[in-house]
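Some notes on the structure that comes next.
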Amino acid sequence: MPSLNVSFSEEEMEGVRAAAAAEGKSLKQYLHDLGVREMHRKQFVAGATAWADRLRGEFDEVFPEEVPPSRRGDGVAAA
C-alpha cells in the first residue's frame, strides 16, 4: 500500500495532533481522512456546479427578475 511522509513544523504538528485528538483519531487516521474528505469535497463541488449549470436556463425562465451578482456589477444580492 502506498504511503507518504509529511513534514510539519513543531507548531503545525501541535495543531494537527490537537485536531486529531478532538476527533478521537490517530494522526495517521486523521491525515488519511482529511485527504479523502478534501477529495470528496472537490467532487461534490464539481457535481453541484454542473447541476447548477444544467438548471440555470430553467431558473432564468422561471425567475427572470433575478439577476446574478456577476451581471449586476456590484456583486451584492438584491433585497
Side-chain angles (χ1 to χ4, degrees):
M1 180 180 295
S3 64
L4 177 68
N5 289 324
V6 181
S7 299
F8 295 97
S9 70
E10 289 298 323
E11 185 177 295
E12 291 169 337
M13 191 61 159
E14 182 180 318
V16 172
R17 280 190 179 112
E23 291 194 20
K25 296 179 180 178
S26 68
L27 282 171
K28 187 175 182 178
Q29 187 65 52
Y30 177 77
L31 290 172
H32 169 270
D33 292 353
L34 188 63
V36 171
R37 191 167 47 228
E38 178 62 11
M39 181 182 62
H40 288 161
R41 185 193 69 79
K42 286 182 178 184
Q43 289 172 343
F44 173 83
V45 169
T49 300
W51 179 74
D53 289 344
R54 283 194 305 273
L55 295 178
R56 185 169 286 113
E58 183 180 337
F59 182 88
D60 288 345
E61 287 178 22
V62 175
F63 301 103
E65 68 283 355
E66 294 292 325
V67 179
S70 63
R71 289 197 283 179
R72 272 198 300 269
D74 60 5
V76 178

[X]: which residues meet the side-chain contact (heavy atoms from CB on, under 4.5 Å) condition with it, sequence neighbours left out?
X: Val62; answer: none
X: Gln43; answer: Met39, His40
X: Glu38; answer: Arg41, Lys42

task = Could you tell me which non-hydrogen atom of Ala20 sits nearest to which non-hydrogen atom of Ser26, and how far apart they are?
result =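 Nearest heavy atoms, Ala20 then Ser26: CB-O, 4.1 Å.
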query = So how far is it from Met13 CE to Ser7 OG, rounded to the nearest 0.5 Å?
reply =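 Between atom CE of Met13 and atom OG of Ser7 there are 9.5 Å.
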inquiry  = Would you say Val36 ends up clustered with Phe44 if hydrophobic residues are merged whenever their side chains have heavy atoms under 4.5 Å apart, either directly or through other cluster members?
reply    =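 Looking at the clustering, Val36 is in a separate group from Phe44.
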query = Can you hop from Leu34 to Val6 via hydrophobic side chains spaced under 4.5 Å?
reply = yes
request  = Can you sort out the partners of Asp33 under salt bridge (charged side-chain N to carboxylate O under 4.0 Å, His left out), two or more places apart, ordered by chain and number?
outcome  =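 Partners of Asp33 under the salt bridge (charged side-chain N to carboxylate O under 4.0 Å, His left out) test: Lys25.
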key: Side-chain heavy-atom pair Phe8, Leu27 within 4.5 angstrom cut-off   =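 The answer is no; the side chains never approach within 4.5 Å.
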ask   = With sequence neighbours left out, which residue pairs that include part of residues 11-20 fulfil the salt bridge (Lys or Arg N to Asp or Glu O under 4.0 Å) condition?
value =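 Listed by first then second residue: nothing to list.
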query = With sequence neighbours left out, what residues match Phe59 under ring-ring contact (aromatic ring centres under 6.0 Å, His included)?
reply =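 With neighbours one apart ignored, the set is Phe63.
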